[in-house]
Novice: 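Here it is, the structure, as structure tokens.
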Number of protein chains: 2
Amino acid sequence: MNTTRAEENYLKAIYRLTKTKKQVILPNLIAEKVQVNPASVVDMIKKLVRKELISYSRKEGAKLTDTGQRIALNIVRSHRLWEVFLVEKLEYSWSEIHVIAEQLEHIKHPDLVDKLDSFLDFPSFDPHGDPIPDKMGAYPISKKIFLSTLSIGAECKVISVSDDNTDFLNYLEKLGISIGTKIKILEKNAFDDSLSLQIEKKNIITVSRKFADSLYVI
Amino acid sequence: MNTTRAEENYLKAIYRLTKTKKQVILPNLIAEKVQVNPASVVDMIKKLVRKELISYSRKEGAKLTDTGQRIALNIVRSHRLWEVFLVEKLEYSWSEIHVIAEQLEHIKHPDLVDKLDSFLDFPSFDPHGDPIPDKMGAYPISKKIFLSTLSIGAECKVISVSDDNTDFLNYLEKLGISIGTKIKILEKNAFDDSLSLQIEKKNIITVSRKFADSLYVI
DNA sequence: CCAATTAATTAGACAAGCCTAATTAAATAA
DNA sequence: TTATTTAATTAGGCTTGTCTAATTAATTGG
Ligand SMILES: [Mn+2]
Ligand SMILES: [Mn+2]
Ligand SMILES: [Mn+2]
Ligand SMILES: [Mn+2]
């Protein structure tokens, strides 16, 4: 199946939304993810239905077909492998890689992604802690949970982070938090659900509930 | 200056034509290089003139402005560095890399190309033997000549090869010729200008004048 | 159950890049 | 120097992916 860059971005968006949100995938939701007008999404939905990459109805929303799923999975795999490359080989920082991978994920050539995978020695997780599906589309397992689910006194390690919000990534970088950082829960404030955390047994910070709901730890 | 993929391909084409051909760069020539209809070239020429990336007149043909030249040079640099990456790190073969680099050369991010350059340890030539301009646009020097200019008995080493003709690259691969291969001129046939060559002191082959005019040696 | 709001869809437009089929200009050869 | 050929240009059209401004459904609060 021949897919354009735009089609691939929509397929990936639908795939990710299906994984994260537990709702029906409707135009508004996709529009927000792809950063595009809902009317444009309706156009693209028609095109993807025509190419049998998704099914769509007002009731069921957009759903990937097997082919669509396969393509989306390949893009995700490619994206995350390139992110590993950018951090480990080109020494990019955490927060810069997403936009570059957003372009690199669309480079097409037989074996390119597999060769990259092999060159990087088959990593299981990307620099944001997200799992990298293997050649067959199988995900490595990880038992990550939200920081917000831990109770006072618990210690944990940052394992994953939303890769598509630069503000969040920059904030983390400013706080000195990255994959592997050790965090201890000192206090939970009932008033606004904010948390006091100790970072790497050193500095103490206070973060919002929203923050704690965005950070995966183990 | 913000440039699209198509614009960059045209700028690169004009740049390469200016370097190789000693003629005025007119639509037909560009059309052939970019593999596009001459009418489309006329459209794009207008656009590039509007953006002040080239100048154009029927008499003078297309000429890169300073900005246009800078962009073209960066694309060439990016293309050749990615080719090195594909061969040295991903173990692609000689003849496969051009089409992939044709896509990779357009990936944009501050420092990406320089980081790649550094990761590859600042190579001077790409896998086809073509020089890689440095960050400032300066080319490394090489004193390559055409195989066809040598006389009988001469020995030489393959140093460079046209990277954009897959047929030629495949033919070379079949003959066991690549960068670094040693060649001795055994005979030159006045009748059709064909040459007898000995490859790596072993097998003897006969090649056409066109062939000998396409191979750079030292 | 109806009015108000929100979401999906349609209609119509536009930029980028390409094409084919005229048309015009230039070069060449008789 | 005129006729022929070749090359450049224009005219008009198409696809992809986007937009804004209607319009039509759905949902929901009163
Ligand atoms: Mn993308
Ligand atoms: Mn990521
Ligand atoms: Mn290209
Ligand atoms: Mn090359």
Side-chain angles (χ1 to χ4, degrees), chain A residues 1-14 17-18 21-63 68 71-72 75 99 102-103 105-108, chain B residues 1-14 17-18 21-63 68 71-72 75 99 102-103 105-108:
Chain A
M1 178 68 43
N2 247 15
T3 44
T4 66
R5 177 174 292 228
E7 287 164 8
E8 288 170 0
N9 283 334
Y10 279 93
L11 290 175
K12 193 179 65 164
I14 293 168
L17 287 170
T18 309
K21 311 273 178 179
K22 290 301 159 213
Q23 337 158 13
V24 187
I25 311 300
L26 292 169
N28 257 7
L29 203 60
I30 300 173
E32 222 243 290
K33 190 82 171 176
V34 187
Q35 293 285 10
V36 104
N37 191 290
S40 311
V41 174
V42 174
D43 285 347
M44 183 56 90
I45 282 177
K46 281 179 194 151
K47 195 186 172 199
L48 293 175
V49 167
R50 203 170 349 106
K51 295 183 87 171
E52 297 183 63
L53 299 175
I54 64 170
S55 65
Y56 178 76
S57 74
R58 240 162 144 137
K59 189 177 300 248
E60 305 269 316
K63 286 183 174 164
I71 293 168
I75 298 291
V99 274
E102 207 54 52
Q103 304 175 61
E105 67 187 0
H106 305 288
I107 306 284
K108 283 182 218 25
Chain B
M1 176 68 44
N2 246 15
T3 46
T4 66
R5 177 175 294 227
E7 286 164 8
E8 288 170 1
N9 284 333
Y10 279 93
L11 290 175
K12 194 178 63 164
I14 293 168
L17 287 170
T18 309
K21 311 270 178 183
K22 289 301 158 213
Q23 338 157 14
V24 187
I25 311 299
L26 293 169
N28 257 7
L29 204 60
I30 301 174
E32 224 244 288
K33 190 82 171 175
V34 187
Q35 293 285 10
V36 104
N37 191 290
S40 310
V41 175
V42 174
D43 286 348
M44 183 54 90
I45 283 176
K46 282 180 194 149
K47 196 186 172 199
L48 294 175
V49 167
R50 207 174 341 111
K51 295 182 89 170
E52 296 183 64
L53 299 174
I54 65 170
S55 65
Y56 178 76
S57 74
R58 238 158 146 138
K59 191 178 300 252
E60 305 271 318
K63 287 183 173 166
I71 293 168
I75 297 291
V99 275
E102 206 55 51
Q103 303 174 61
E105 67 188 1
H106 305 288
I107 305 285
K108 283 183 222 15

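Below, chains carry the letters A, B, ... as their sequence lines are ordered, and counting in each starts from 1.
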Novice: Figure out the CG/C1' separation between A:Leu26 and D:dT27, and round it to whole Å.
Specialist: 13 Å
Novice: Grab the CD1-C1' distance between A:Ile30 and C:dT9 for me, whole Å please.
Specialist: 14 Å
Novice: Evaluate side chain to side chain contact (heavy atoms under 4.5 Å, CB included) for B:Leu53 paired with B:Thr3, printing each intermediate quantity in order.
Specialist: CA-CA 10 Å; B:Leu53 299 174; B:Thr3 46; 4.0 Å; yes
Novice: At under 4.0 Å between heavy atoms, what does B:Lys59 touch on the DNA or RNA strands: base, sugar-phosphate, or nothing?
Specialist: nothing
Novice: Starting at CD1 of A:Ile14, measure out to CD1 of A:Ile54 and round the result to the nearest 0.5 Å.
Specialist: 4.5 Å
Novice: Quick one: B:Leu29 CG to D:dT9 P, roughly how many Å, whole number?
Specialist: 14 Å
Novice: Under 3.5 Å, side chain of B:Lys108 to main-chain N/O of B:His106, donor-acceptor pair present?
Specialist: yes
Novice: How many Å lie between OH on A:Tyr56 and C1' on C:dA8, as a whole number?
Specialist: 6 Å
Novice: Rounded to the Å, how far apart are A:Ile45 CD1 and D:dT18 C1'?
Specialist: 15 Å
Novice: Is B:Lys63 atom NZ crowded by more than 12 heavy atoms from other residues, nucleotides or ligands, each under 6.0 Å away?
Specialist: no
Novice: Hey, what do you get for CG (A:Leu17) to NZ (A:Lys12), rounding to the nearest 0.5 Å?
Specialist: 11.5 Å
Novice: Hey, what do you get for NZ (B:Lys47) to CD1 (B:Ile45), rounding to the nearest 0.5 Å?
Specialist: 13.5 Å
Novice: What pairs of nitrogen or oxygen atoms, one from the protein and one from nucleotides 12-19 of chain C, lie under 3.5 Å apart?
Specialist:
from   : atom 1 : to      : atom 2 : distance (Å)
C:dG17 : OP1    : B:Thr4  : OG1    : 2.4
C:dG17 : OP2    : B:Lys47 : NZ     : 2.3
C:dC18 : OP2    : B:Tyr10 : OH     : 3.4
C:dC18 : N4     : B:Asp43 : OD2    : 3.3
C:dC19 : OP2    : B:Asn37 : N      : 2.8
C:dC19 : OP2    : B:Ser40 : OG     : 2.5

Novice: Would you please enumerate the stems DNA chain C participates in, each stem being three or more consecutive Watson-Crick or G-U wobble pairs with both distances under 3.5 Å?
Specialist: C:1-30 with D:1-30
Novice: Would you say C:dA8 has OP1 or OP2 under 4.0 Å from some side-chain N or O of A:Asn28?
Specialist: yes
Novice: Hey, could you give me the CD1/NZ distance between B:Ile71 and B:Lys51, rounded to the nearest 0.5 Å?
Specialist: 8.0 Å
Novice: Rounded to the nearest Å, what distance is computed from the CG atom of residue A:Asn9 to the P atom of nucleotide D:dT16?
Specialist: 17 Å
Novice: Calculate the interatomic distance between A:Asn2 atom CG and D:dT15 atom P; express it in whole Å.
Specialist: 17 Å
Novice: Which atom pairs, donor and acceptor, lie under 3.5 Å between side-chain atoms of residues 23-32 of chain A and protein residues at least two apart or in another chain?
Specialist:
none

Novice: Quick check against the 3.5 Å criterion: does B:Glu60 have a side-chain atom that pairs as donor or acceptor with the backbone of B:Ser57?
Specialist: no
Novice: Ignoring the backbone of A:Arg58, work out which of C:dT10, D:dA26, D:dT10 is nearest its side chain.
Specialist: D:dA26
Novice: Could you state the atom-to-atom distance from CD of B:Glu32 to P of D:dA8 in whole Å?
Specialist: 12 Å
